[in-house]
K.L.:
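First the structure, then my questions, so here it is.
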Protein chains: 2
Amino acid sequence: MISPSRRKRVTIKDVAQAAGVSTQTVSRVMNKFSYVSEETRQRVETVVEQLGYHPSTLARSLIQQRSYTLGVVTFGLKYIGPSRTLNGVADKADELGYMLLMKELDNFDTNRIDEVIDSLLARQVDGIIWVAPEIGDNHSWVEERMDKISVPVLFLAMRPREGISSVATDNYQGAVLAIQHLLECGRKKIGHIAGPLTWWEADERKRGWRETLSAAGFNPLEEHCTEGNWSSASGEQAFIQLLESYPDMDAVFVANDQMALGGLREAIRRGIRVPEQLAVIGFDNIPESAYFYPSLTTIYQDLQLLGEQAVQSIVEMIQARQENKSVIAQSRFIQPTLVIRESSNFAG
Amino acid sequence: MISPSRRKRVTIKDVAQAAGVSTQTVSRVMNKFSYVSEETRQRVETVVEQLGYHPSTLARSLIQQRSYTLGVVTFGLKYIGPSRTLNGVADKADELGYMLLMKELDNFDTNRIDEVIDSLLARQVDGIIWVAPEIGDNHSWVEERMDKISVPVLFLAMRPREGISSVATDNYQGAVLAIQHLLECGRKKIGHIAGPLTWWEADERKRGWRETLSAAGFNPLEEHCTEGNWSSASGEQAFIQLLESYPDMDAVFVANDQMALGGLREAIRRGIRVPEQLAVIGFDNIPESAYFYPSLTTIYQDLQLLGEQAVQSIVEMIQARQENKSVIAQSRFIQPTLVIRESSNFAG
DNA sequence: ATTTATTATGTTATCGATAACATGTTATCG
DNA sequence: CGATAACATGTTATCGATAACATAATAAAT
């Protein structure tokens, strides 16, 4: 049984009174770097300790018009990608002295977006990080509404746009790495299982597949590619379809590791030997992929780093604005890397 | 090039002035349910629309001593477990009109814990949800310090404690389900790969293994169990060890799916047939486990629900306190369920 | 017709801190 | 030694809203 115990908050006034000084002096002690005699400082600090005083960041934010809080809008937190990114965001925010005010989206209704942004601004966030994938035209509001938002906004995993800051994995380049690797392994008939092509990321990966093959003198056709929804189940289905439309394929680039797992599973069931008959390469490098059967060659994207860079960038933007300097919006890319494992590693 | 564009915030005063009423009247319009003539209401609403006024939640929180914000302390966000839980928390919070103020821990230094709690309280959170696993004595601060915290606190995945509210998966019961299933399959020599035993959850799962076997007339020994650190790599090692210390084992209960994956991998390498020679069962039911080779029988814990219940509970506590009612602290358990797949499904 | 309740609106105090300004004291310097 | 700078502290205004109280007009009740 817990009593309601509404202990009243200890305020700066209580401290001031107990120490026999003005609130301003207490404020000076709390914020350092201002003229306070050593004697007074000690006295105040003792009282602070005794009463267990902690300044209200809320009140401070109000008067200073600055909260040291970042708004974070997420989508699909239950997936490992966004949550890893969020982890990077959280770490870096902590390091730089910011807190995170989070809001998860469950859809992209435009009203909902306005509402979310308003609720963040109403809490005086210093900046907003958008951790939601670009799907279809769900970012179309950006161009028109950006300049109505009074704080810096930074987008993750968004197609670069003029005048808007963003950070993203270079999905295109990742796909290029994957295809080049397969070509180097001597594969000549490389299929692709794409993610949902309304997603910018899925589209970029597919583009990397297509263009790299073309550049190498091959002729990737539409029927050499099927589409999944990122899940293992969909990967399995897409793989079955692809086997039908591209029967003599000798390698497949799958747009993420989960779908690749579904494919591997079906390959085993059909007795297709990986990598001998069919090389498989995924994307993401989830921790489990090293233990798939066979272990999965994949493209590693550092989502943690993505989150960290996002925070770093937006804090720079906030500081620049604070000092009334202009900020140049920029789109940054993070380069993925190739991780070679058994599923492609067949030199013979 | 973005101009500094420090548009001044539209305040309630601006609206009041433009509409020719007092700020109090504007406040009444914004908050509904108070006497305002239809005519005035319309006029004010028009002005609000025109100026794009959005009330400052910050200022409101200050005067009302209530922020409609929950503090969330997390640990290990990069793992799928905590992030799924967080997803549940975020969804439910949204549904109930709360925002989340997040802080990620990177260690359990006691000072750090105080600091984190203080920073949340300084921002006037209405309650705190602790989404960090109980490891060793990292929750030992709870008993002594709980009553110094002026808002309700709710712990997730913590060993039940008298007088403190918590919600957790019933890990013990999950292990019981797993072992009973293996026994029903006719297995008689059941080993266990535990998680790090300093974790309460790992310990509970091991206890379920031990006690269920004992109750069934078997004699589980210490050498029938090895320990991993939740990762697939450690699972592989633990499996190798276990094969040595318990060579004639015919089934193994692994404390999570990732480690089970590492075990499966090694079993394949050694030509051990699963489930014929060795039945394997995991814990968690991560989405990929249905596509392992062979697909993994496992215990499903609904972490999303865990998060939702946590928010539900703490909001009830907050409301009770608001109405000055007493709150009875309670520890709640969520029951996991058995998911049967190939890795154990050998009737014969 | 007078009292009482309901409706509509304004005024002042307040939440907890800091900014901006004012004032007094002690060093420092030419 | 008087002027100026550096130090130490206090007073008042302010951030953006709501609470608490006050007032006035209208409607309903006796």
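Every chain is numbered from 1 and lettered A, B, ... according to where its sequence line falls, protein lines coming before strand lines.
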K.L.:
Among D/dG16, C/dA17, C/dA20, find the nucleotide with the atom closest to the side chain of B/Ser56.
P.N.:
D/dG16
K.L.:
Closer than 4.0 Å, any side-chain N/O of B/Gln24 to the OP1 or OP2 of C/dT12?
P.N.:
no
K.L.:
How would you label the contact of B/Thr40 with the nucleic acid (heavy atoms, under 4.0 Å): base, sugar-phosphate, or nothing?
P.N.:
sugar-phosphate
K.L.:
What is the distance, to the nearest angstrom, from the CD1 atom on A/Ile12 to the P atom on C/dA19?
P.N.:
11 Å
K.L.:
Rounding to a whole Å, what distance do you find between B/Leu58:CG and D/dT18:P?
P.N.:
13 Å
K.L.:
For B/His139 and B/Trp130, take the angle between the two ring planes, folded into 0 to 90°, and tell me which bin it lands in: parallel under 30, tilted 30 to 60, perpendicular over 60.
P.N.:
perpendicular
K.L.:
Of B/Arg28 and B/His54, whose closest DNA chain D nucleotide lies nearer the 5' terminus?
P.N.:
B/His54
K.L.:
Write down the distance between CE (B/Met30) and C1' (D/dG16), rounded to a whole number of angstrom.
P.N.:
13 Å
K.L.:
Write down the partner of C/dG30 under the Watson-Crick or G-U wobble criteria, each distance required to be under 3.5 Å.
P.N.:
D/dC1
K.L.:
Between B/Val21 and A/Thr23, just flag the one whose closest nucleotide in DNA chain C comes earlier from the 5' side.
P.N.:
B/Val21
K.L.:
Salt-bridge test for A/Asp114 and A/Arg145: reply yes if a basic N is under 4.0 Å from a carboxylate O, no otherwise.
P.N.:
yes
K.L.:
Counting heavy atoms from C-beta on, name the nucleotide in D/dT14, D/dG16, C/dG10 closest to the side chain of A/Ile63.
P.N.:
D/dT14
K.L.:
Quick one: does B/Val131's side chain get under 4.5 Å of B/Leu86's, heavy atoms only?
P.N.:
no
K.L.:
D/dT9 phosphate, OP1 or OP2: any side-chain N/O from A/Ser22 under 4.0 angstrom?
P.N.:
no
K.L.:
Under 4.0 Å, counting only non-hydrogen atoms across every strand here, what does A/Thr11 touch: a base, just sugar-phosphate, or nothing?
P.N.:
sugar-phosphate
K.L.:
Would you kindly give the CG-to-P distance between A/Leu62 and D/dA17, to the nearest whole Å?
P.N.:
9 Å
K.L.:
Between C/dG16 atom P and B/Leu121 atom CG, what is the distance in whole Å?
P.N.:
14 Å
K.L.:
What is the distance, rounded to the nearest whole Å, between atom CD of B/Gln17 and atom C1' of C/dG10?
P.N.:
15 Å
K.L.:
How is A/Thr25 classified with respect to the nucleic acid when contacts are heavy atoms under 4.0 Å: base, sugar-phosphate, or nothing?
P.N.:
sugar-phosphate
K.L.:
Hunt down the Watson-Crick or G-U wobble partner of C/dA8, both distances under 3.5 Å, from any strand shown, or write none.
P.N.:
D/dT23
K.L.:
Rounded to the nearest angstrom, tell me the gap between atom CD in B/Gln124 and atom C1' in C/dT14.
P.N.:
14 Å
K.L.:
Base, sugar-phosphate, or nothing: which does B/Gln64 touch, judged by heavy atoms less than 4.0 Å apart?
P.N.:
sugar-phosphate
K.L.:
Starting from the C-alpha separation in whole Å, work towards a yes-or-no answer on side chain to side chain donor-acceptor pair (under 3.5 Å) for A/Ser56 and A/Arg9.
P.N.:
CA-CA 9 Å; A/Ser56 161; A/Arg9 172 180 271 282; 4.8 Å; no
K.L.:
Given the rule in the side chain to side chain donor-acceptor pair (under 3.5 Å) test, do B/Gln319 and B/Glu323 qualify, once you have shown the distances and angles that lead to the verdict?
P.N.:
CA-CA 6 Å; B/Gln319 274 162 359; B/Glu323 294 158 17; over 6 Å; no
K.L.:
Choose from D/dG16, D/dT14, D/dC7 the nucleotide whose nearest atom is closest to any side-chain atom of A/Tyr35.
P.N.:
D/dC7
K.L.:
By nearest nucleotide on DNA chain C, pick out whichever of B/Ala59 and B/Gly20 is the more 5' one.
P.N.:
B/Gly20
